[in-house]
Amino acid sequence: MEEEEDKGKDAERARWYTDVVIQAELADYSPVKGCMVIRPYGYALWENIQRALDQMIKDLGHVNAYFPMLIPESFMTKEKEHVEGFAPECAVVTHGGGKKLDEPLFVRPTSETIINHMFAKWVQSWRDLPLLINQWANVVRWEMRTRLFLRTTEFLWQEGHTAHATEQEAEEEARRMLEMYKDFAENWMALPVLTGEKTAAERFAGAVRTYCIEGLMRDGKALQAGTSHFLGQNFAKAFDIQFQSAGGGLEHVWQTSWGVSTRLIGALIMGHGDEKGLVLPPKLAPYQVVIVPIYKKDDEKAVVTEYCRKLVSMLKPLVRVHFDEREQYTPGWKFNHWEQKGVPLRINIGPRDVAANVVEIARRDTGDKLRGVSEHGLDAEVVKLLDIIQKNIYDKALAFRTENTKQIADFDGFKKQLDTANCFIESHWCESAKCEASIKEETKATIRCIPFDWEKTPGKCIYCKGDATTRVVFARAY
RNA sequence: CGGGACGUGGCGCAGCUUGGUAGCGCGGUUGCUUUGGGAGCAAUAGGUCGCAGGUUCGAAUCCUGUCGUCCCGACCA
């Protein structure tokens, strides 16, 4: 019975998510199963994410390049674990120009192989290192089950690939980029994330260690929002990336790779959204402010429109502002429309406001309406409010995560918690893959990460009750 | 690949049980009245009912097959 209810709720949430994506005009279904069309509003959001991240990546010394989408089959098979991990979900081109190809071409599921093939040519000396490359690209992974933004057959992402002279330098790079992702998630997306290391079971195919940022969505499920891998010398050996060291010897490089994808948009939706639809962080919102004019007669329309235009030109240098002049919709319709789309601030302007040289400002995050805000200094007021909203939705998300993170020591309590509500669960774990697998089997919860810098404390494994000092975060995940 | 649901104007659906030649809401167009929280009235356009077979005098409806989509599971960012 309870299970039935849970299923009902889950289905409702799945429906809510899909509805938000479609109604906010972020994306639409494509004719090909599992693919999606990113619509202008969704793409504008992605462009803002891209712009901010791209700058952060460059500020850390990386440069952008572009590698081809088609990869020779032989490349894919060079690194054993990599091929085992990815081969089942790859799309393969077998024909071209009307003929069967001699060697099938893999559509990249990620670009380690092709990039490392090139790295082998480019790296000769320790003086060529570190090599710090990023690319913005699409990748294809043939998923069994897809969801808009969260898991699509084709998705857009950024993938960084670096090569270093020493193990320590590569390790530091992997950690540094993870910190960059955390910074981005928290300061731009307003989503608090945990940073930590993945267990062997969750590790990237071909990596020595995988680090991740994990967010908690409003339904209590975890979402891996970004990953950073320390690849060791696995690919360097498979692709023969060697350099002559200062000491004269030949050595394999040490590498990293790291990426975030259009899944981040899914994180935004599920991390901040409410019953009215999207709630976007001001720093990333395509429109930070939308102005809705209100009028009855033509003479009112003229006056209101002129006033609105004046305010638009006042705000334009400072914020992304949109004046919704459409005449086929009523103000009430527009209020709902822009709320669904998550616009942080809406300015309503009618004849009364014009007469008094004021505006009405509605906040999306709280629903508050500020009446009679003076036109004088409005630009500063808007900037201030956007800052407040950015901070407020972060605080809300953080409070939500704190409330929904439980420390649990016994497996019965663990199961009971997940039956009641999804959340982050902190527990001891004995580090055996067997316990991890059994827990997943019985509860669908996985170890999201082994957080960095958590003190080792004596305890008992949540599953086998054996001695354990490592505490980890469990959750059901997307 | 398993389990469930569903394919009918642009979108959302009814009609199917009990066969008789397709209807509702939204949207579109035109006109008038409206506009501070999803406007009203009137007129108007728009559909070989996913596809292919079959049963029948007659199929959206019954049968068989097939394709596709969504939701739930196994795989994954």
Side-chain angles (χ1 to χ4, degrees), chain A residues 3-4 6-19 22-23 28-36 84-90 109-110 138-159 181 198 201-205 210 212-215 222-229 257-267 276-277 292-298 300-301 304 326-340 346-354 358-360 362 367 369 371-372 440-441 444 446 476-478:
Chain A
E3 208 171 299
E4 288 291 309
D6 273 1
K7 274 185 185 167
K9 276 182 205 162
D10 282 351
E12 231 171 84
R13 286 194 205 99
R15 170 65 56 190
W16 172 87
Y17 177 81
T18 306
D19 285 351
I22 299 297
Q23 283 180 20
D28 208 343
Y29 292 102
S30 90
V32 176
K33 178 181 164 62
C35 293
M36 71 171 169
E84 281 171 7
F86 280 104
E89 53 179 314
C90 282
T110 177
N138 59 339
V139 289
V140 168
R141 296 181 187 176
W142 218 260
E143 300 290 349
M144 295 291 185
R145 204 173 138 223
T146 56
R147 295 191 74 188
L148 297 166
F149 290 111
L150 294 175
R151 185 172 303 106
T152 44
T153 299
E154 176 189 9
F155 57 94
L156 306 183
W157 76 348
Q158 142 297 294
E159 51 179 322
Y181 287 149
K198 285 290 188 192
E202 304 273 328
R203 193 180 289 150
F204 174 75
T210 288
C212 63
I213 53 172
E214 290 281 329
L223 183 76
Q224 177 175 311
T227 50
S228 180
H229 315 289
S257 69
W258 27 272
V260 296
S261 71
T262 34
R263 172 180 262 198
L264 290 180
I265 293 175
K276 284 181 170 175
V292 176
I294 301 157
Y295 49 78
K296 291 191 175 74
K297 302 175 209 105
D298 275 354
E300 285 179 346
K301 178 184 164 189
V304 168
R326 292 177 293 179
E327 297 191 31
Q328 68 267 42
Y329 298 114
T330 62
W333 189 93
K334 290 177 184 174
F335 296 169
N336 287 288
H337 177 75
W338 294 112
E339 277 167 3
Q340 269 184 353
R346 193 182 66 245
I347 299 183
N348 306 327
I349 296 172
R352 295 201 299 261
D353 303 295
V354 180
V358 297
V359 300
E360 178 182 277
K369 272 185 182 173
R371 292 178 204 275
K440 183 177 180 185
E441 175 86 11
K444 308 266 182 266
T446 50
R476 291 192 180 127
Y478 277 101

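A note on names: the letters A, B, ... follow the listed sequences, proteins ahead of strands, and every chain is numbered from 1. Excluded from the calculations below are hydrogen atoms, water molecules and symmetry mates; all remaining heavy atoms, backbone and side chain alike, are included.
Distances were taken from every side-chain heavy atom of A:T18 (C-beta onward) to each of B:C75, B:C71, B:G38; the shortest belongs to B:C71. When each of B:G37, B:G38, B:C71 is scored by its nearest atom to the side-chain atoms of A:R147, the top-ranked nucleotide is B:C71. Across B:C75, B:U35, B:G37, the shortest atom-to-atom separation from the side chain of A:F335 is found for B:G37. Distances were taken from every side-chain heavy atom of A:M144 (C-beta onward) to each of B:G37, B:U35, B:A74; the shortest belongs to B:A74. Of the candidate nucleotides B:C75, B:G73, B:G37, B:G37 has the atom nearest to the side chain of A:E339.
Donor-acceptor pairing under 3.5 Å, judged by distance alone, is present between the side chain of A:N336 and the base of B:G37. Donor-acceptor pairing under 3.5 Å, judged by distance alone, is present between the side chain of A:R346 and the base of B:G37. With hydrogens and angles ignored, a donor-acceptor pair closer than 3.5 Å exists between the side chain of A:D353 and the base of B:G36.
Protein atom CD of A:Q328 is 15 Å distant from nucleotide atom C1' of B:U30, rounded to whole Å. Rounded to an integer number of Å, the gap from A:D19 CG to B:C70 C1' is 12 Å. Atom pair A:D298:CG and B:U33:C1' shows a separation of 13 Å (rounding to whole Å applied). For the pair A:K334 NZ and B:G37 P, the interatomic distance rounds to 14 Å; values are reported in whole Å. Atom CG of A:L148 is separated from atom P of B:U69 by 13 Å (rounded to the nearest Å). In this structure, the CD atom of A:E143 is 14 Å from the P atom of B:C71, given to the nearest Å. What separates CH2 of A:W333 from P of B:C26 is a distance of 15 Å, to the nearest Å. A straight line from NZ of A:K297 to P of B:U33 spans 13 Å, rounded to a whole angstrom.
Within the 4.0 angstrom heavy-atom criterion, no nucleotide atom of any strand lies near A:F204. Using a 4.0 Å heavy-atom criterion, one finds that A:Q158 contacts no nucleic acid atom at all. Looking at heavy-atom distances under 4.0 Å, A:L223 makes no contact with the nucleic acid at all. Counting non-hydrogen atoms under 4.0 angstrom, A:P88 reaches nothing in the nucleic acid. The residue A:T152 sits close to a base: some heavy atom pair falls under 4.0 Å.
Stem list for RNA chain B (at least 3 consecutive Watson-Crick or G-U pairs, distances under 3.5 Å): B:1-7 with B:67-73, B:10-13 with B:23-26, B:28-33 with B:39-44, B:50-54 with B:62-66.
Nucleotides B:C67 and B:U56 are separated by 27 Å at their P atoms, to the nearest Å. A distance of about 11 Å separates the P atoms of B:U8 and B:C49, rounded to the whole Å. Nucleotides B:G73 and B:U55, compared at atom C1', are 38 Å apart to the nearest Å. Distance check on atom C1': B:A5 versus B:G10 gives 24 Å, rounded to whole Å. Using atom P as the reference point in both B:A59 and B:U66, the two lie 23 Å apart (nearest Å).
Between A:E327 and A:K301, at least one side-chain nitrogen of the basic residue sits less than 4.0 Å from a carboxylate oxygen of the acidic one, meeting the salt-bridge criterion.
In this view, A:E154 and A:N138 satisfy the side-chain hydrogen bond (donor to acceptor under 3.5 Å, both in side chains) rule, not counting sequence neighbours. For A:F86, the ring-ring contact (aromatic ring centres under 6.0 Å, His included) partners are A:H82, A:F204, not counting sequence neighbours. Residues meeting the side-chain hydrogen bond (donor to acceptor under 3.5 Å, both in side chains) test with A:E214, sequence neighbours left out: A:K198, A:R448. Applying the side-chain hydrogen bond (donor to acceptor under 3.5 Å, both in side chains) rule to A:S257 yields the partners A:E112; only residues at least two apart in sequence or on another chain are considered. With sequence neighbours left out, A:T152 forms a side-chain hydrogen bond (donor to acceptor under 3.5 Å, both in side chains) with no residue at all.
To the nearest 0.5 Å, atom CD of residue A:Q328 and atom CH2 of residue A:W333 are 8.0 Å apart. Rounded to the nearest 0.5 angstrom, A:Y478 OH and A:Q224 CD are separated by 15.0 Å. Here A:T18 contributes atom OG1 and A:R147 contributes atom CZ; the two are 5.5 Å apart, rounded to the nearest 0.5 Å.
A close approach under 4.0 Å does not occur between any side-chain nitrogen or oxygen of A:K440 and OP1 or OP2 of B:A74. Regarding contacts with the backbone of B:G38, every side-chain N or O of A:T330 stays at 4.0 angstrom or more from both OP1 and OP2.
Ranked by how close their nearest RNA chain B nucleotide is to the 5' end, A:A477 and A:K369 are led by A:K369.
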